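For reference, the structure is listed below as C-alpha cells.
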Amino acid sequence: MIAQLNDAQRQAVTFGQGHLLVLAGAGSGKTRVLTTRIAWLIHSQGVSPHSILAVTFTNKAAREMLTRIEAILPINTRGMWVGTFHGLCNRLLRFHHREAGLEQTFQILDSADQLSAIRRLFKELNYDETLFNPRELQQFINSQKEQGIRPDACVARDQREEHCVDFYARYQEQCEREGVVDFAELLLRAYELLKNNSVLRAHYQERFKYVLVDEFQDTNPLQYAWLTLIAGTDSNIFAVGDDDQSIYAFRGADISNMFRFKQDYAGENVIRLEQNYRSSGHILDAANQLIAANEGRLGKNLWTDSGQGEPIRVRIMDTDALEAQWVLEEVQALLAKGTEPQDIAVLYRSNAQSRVLEHRLFTAGVPYRVYGGLRFFERQEIKHVLAYLRLVHNPNDDTSWLRVVNFPTRGIGARSIEQLSELAHNYQCSLYRAVPFMTGAAANRLATFVQLLQQMAHAAQGMTLPELVQFVTKHSGLAEYYEGQREGQERLENLQELVNAAAVFVQEEGIADHAAGQIPVDAHASVADPMAAMSPLGAFLTHASLEAGDTQAQAGEQAIQLMTVHAAKGLEFDVVFVTGLEEGIFPHERSLDAEHDLEEERRLMYVAMTRARQRLYLTRAHTRMLHGQRRYYQSSRFIAELPEENLHWLSPAPAAYGGEAGQPWGQHLGAQMHRWQPGNRRAQADNYGGSIYRNRAVTVNGREFRIGMGVRHPKFGEGTVLRVSGEGENAQAEIQFQAVGKKNLALAIAKLDIIS
DNA sequence: GTCGGCTGGCTTTTT
DNA sequence: GCCAGCCGAC
C-alpha cells in the first residue's frame, strides 16, 4: 500500500499520533496521500472506520475519496463520515434536528433560493433600493454567518450597517418561520449545536479520533471553528492544503487558517509534498519563480525528476480575435499530430473571455465544451418542478409557493398575491395557510391551486419517487407549457432527465420501493443514516440542494475544454493555454489596488500554470473588446515575473523581457491608436484615469504618473509603471522596463516620457 | 398577464 | 456586447 510512495508521502501517510499539516503542492499526490492514510489507519493501525471523519469541499472530491479508499481496501466504508462540510453538517442536523431547533423536514436554500427569499423580504420591508440591493445583503448575511456571527452579536460601524444587521435579523426570522436553512446556516447551526450541547459534543469528540481535511487553504473561519470543535482535545487532525493555491478568499476562505493551524495544532509537524508528478521542469521552475513573489507563504518549491520538457510558449497578438485565431490554429496543429481534444484546455480569467474563443472554435468546427454556467439542478424548468415537489413536502414553503403559484399561469396575479401576503402577515402564517382567508374571485383560483398540491401530496403516498416526479411534471402543467414553447424542447428533455435522476437516486439510496412521500417504517431503527429517516422525497430534495449537478465533462467526451482558471483547479491537461494575460484582465482590474488581492491573482496564475502536464502556452492581446468597448492593455506583470530561460517567445522579434522591444509595441500602439480613434483613445483615458486605477497616481511637476502607464527612459528604454509613492519632489515609481527589469526612479529627476 | 424596449452593470463561485 | 431587471403599452 505504501511501497510506491515517496519519502514525504510515506511520512505523511504513516504519521503517528498528533496533528499534522501537509503542504501538498500542485500535482504532488495529495488525494493519494489522503486516501492511503485512511486505508493505512484502518488496515495497519486497526483504527475503526467509525472513528474517521474526512471533509472535502466538493461532492466530487468526496466521491473520489470514497472510491479510491474502496479500491485500496475491500471494506465497507459506511461507518466512515466522508463528505463535504455542508453534507456532513446536514447529516448532523437531520440527526439532531430537535436539539438544533429544526423541523426534521427542513429544506435547504441554495444561493439562488436564498437570493429570492431576500428579495421577497426586501420588498416586504420596503427597503430603500438606492441604498441597498438584495445581493449586497446576501453577501453581508453570508459573510456574518461565515464568521459565526448572529444578528445580536453584529457590530454595526455605521447607520447603513445597522440596517444590514436589522435586515439580517428579519431574514433569519423568516427562515425560522419557513423552516428553511441556507448554506452558511447549515454550518453555523451545526457548529452551535456542538458548541451548546455538551453531551453531543462529547459524543462526537469521542467518536472521531481521526479528522482529515482536504483543501484546507479554502476553509473559512466558521469551518475552522467547526473542525476544532468536533476534534476536541484528543483527536488527530490531518490537514492537507496548499497556501499557494488559495483562490477563494472572495467566498470567505481564509488563508491564514493554515498559519493558525500550524500555530494552534501542528507546531513543527509540517510535511511538504514537493515532488511533482504532473508537469515538466520548465513549467515548474517558472511557476515556482512566479509564486515566490508572494509574501508570507508557508514556503514550498516544486520539483520533478522527469526532465525539463518544453519551454513555455509565449505569444502576443494584436487583438483578442487574433489571439483566438492563433489558439485555434495551434489547437488544430496539435489535433493533427494526434493530441486528443479532451487533453487540451483553454483557460481564461473571466467567463466573458470565452465568447471570442468559442466563436473561432465553432466556426472552424472544432468540438469544444465550455464549463461553468447553469448546472442541472439550477435550471429554470428543474427548479420549477422542484418547487412543486417542495410544496408537496412542505406546503408552507413560501419561496416555492411564490415561484409556482402562477407558473404556468393560472390567473393568480400580483394583486392576488399581494392580498394573500397581507393576510399571511396579519395572521402570522404561511401563504398556504392564508388561502382560506381569501375572498373574491382569486379565492377560488387559489383554492384550486391548493387542491392541485393536495392531489400531488396524495399521489406521493402511493407512488415511487420517479413516478411522483413524472406525475408532478404532468399535472403542474409544466410539461404542456414547455411543449408549447418554441425553445421548449431542451427543457422538456431536462424534465425527463429529472425523472431519470430521481430513479438513479432511489436506486443508489436503496429506497426504490418506498412511496415517495412516506417515511420508511423502520426509520427509527436506522441510527447510521439520518437521511433514511426521511421520506424519499425529502431526501431527494436535500440531494438536489446540496449537489447542483456536474459541470465536469462526461468521460470520453471528445472536446477541447474551455473554462475559467477557477474551474480548472484540481484538473490537469497535457496542453494548457492561458489566455488574456493582460494587466487589468489577469490580474483582474478589481484586484490591482490591494496587495493581498494581487497575491490572490498571482496564486490564480500559479494554479493556471500548474494545470499543464507537457505543454503550456501563454497568450496576450494588445487590444480586447470588453463591455462593448475596445480597450488597450499592457502586458500582464505575471509574464514579466517568469524567468526568461523557461520561456520560448513565439511572437515576432522577441527581446529581453517583453519580447516586444525589438518591434516595439510603441509602434503597435501608434498604429492601433490610429485605427480606433477616437473611441479607443477615450477608452484608454477612461481606463487609466477612471475607476480602474483610482488612487494610484502621483503628480510631479504638473505631470501625472499612473500605475499601468507606459513610459520611456533615455537609457532604460520603454517600461510600465508598477507602483507609485510619495508626493511632489519625493515621488517615486517602480517601473518594469522591458530591457533591464524593475527600477525605482525618483520621478522629479528621471527623464521620463509618457508614451501611453 | 405578457411582451418588448430601455437602462445599467459588469470577476472568480466548491456548497 | 450581453443579460437581467424594470417599466410601460397592449
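By convention in this document, chain letters (A, B, ...) are assigned in the order of the sequence lines, proteins followed by strands, and residues within each chain are numbered from 1. All values reported here derive from a predicted model rather than from experimental measurement.
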To the side chain of [X], which of [options] is closest?
X       : options                  : value
R349(A) : dT2(B), dT15(B), dT11(B) : dT11(B)
S591(A) : dT11(B), dT14(B), dG1(B) : dT11(B)
H566(A) : dT12(B), dT11(B), dG5(C) : dT12(B)
M625(A) : dG1(C), dT15(B), dG1(B)  : dG1(C)
D218(A) : dG5(C), dT14(B), dG1(B)  : dT14(B)
A567(A) : dG5(C), dT14(B), dT13(B) : dT13(B)
S111(A) : dG5(C), dC10(B), dT15(B) : dT15(B)

Step by step, work out the salt bridge (charged side-chain N to carboxylate O under 4.0 Å, His left out) result for K383(A) and D113(A).
CA-CA 10 Å; K383(A) 292 221 104 179; D113(A) 298 333; 2.8 Å; yes
Under 4.0 Å between a side-chain N/O of [X] and OP1 or OP2 of [N], yes or no?
X       : N       : result
R119(A) : dG5(C)  : yes
T564(A) : dT13(B) : yes
R410(A) : dG1(B)  : no
N59(A)  : dT14(B) : no
N90(A)  : dT15(B) : no

Has F250(A) got its ring stacked on dT12(B), by the test of a centre gap below 5.5 Å and a plane angle below 30°?
yes
Can you confirm if the aromatic rings of [Y] and [X] lie within a centre distance of less than 6.0 Å?
X       : Y       : answer
W401(A) : Y388(A) : no
F250(A) : H566(A) : yes
F407(A) : Y481(A) : yes
Y633(A) : H622(A) : no

Does the base of dT11(B) carry an N or O that pairs as donor and acceptor with the side chain of H588(A) under 3.5 Å?
no
Any donor-acceptor pair, under 3.5 Å, between the side chain of R251(A) and the base of dT15(B), if you only look at N and O atoms?
yes
Nearest-Å distance for atom pair [atom1]/[atom2], residues [X] and [N]:
X       : N       : atom1 : atom2 : answer
E215(A) : dT15(B) : CD    : C1'   : 14 Å
H627(A) : dT7(B)  : NE2   : P     : 19 Å
Y248(A) : dT11(B) : OH    : P     : 17 Å
R603(A) : dT12(B) : CZ    : P     : 18 Å
K60(A)  : dT15(B) : NZ    : C1'   : 15 Å
N351(A) : dC3(C)  : CG    : C1'   : 13 Å
E600(A) : dT13(B) : CD    : C1'   : 12 Å
N406(A) : dG1(B)  : CG    : P     : 6 Å

Roughly how far apart, to the nearest Å, are dA4(C) and dT13(B) at atom P?
16 Å
Tell me what [X] touches on the nucleic acid: a base, only sugar-phosphate, or nothing, going by heavy atoms under 4.0 Å.
X       : answer
Q114(A) : nothing
I412(A) : sugar-phosphate
A253(A) : nothing

Could you tell me the Watson-Crick or G-U partner of dT11(B), where both distances fall under 3.5 Å? Say none if there is no partner.
none
Pick out which of E582(A), H588(A), E601(A) makes a side chain to side chain donor-acceptor pair (under 3.5 Å) with R349(A).
E601(A)
Evaluate ring pair (Phe, Tyr, Trp, His ring centres under 6.0 Å) for F505(A) paired with H543(A), printing each intermediate quantity in order.
CA-CA 9 Å; F505(A) 180 77; H543(A) 167 79; 4.9 Å; yes
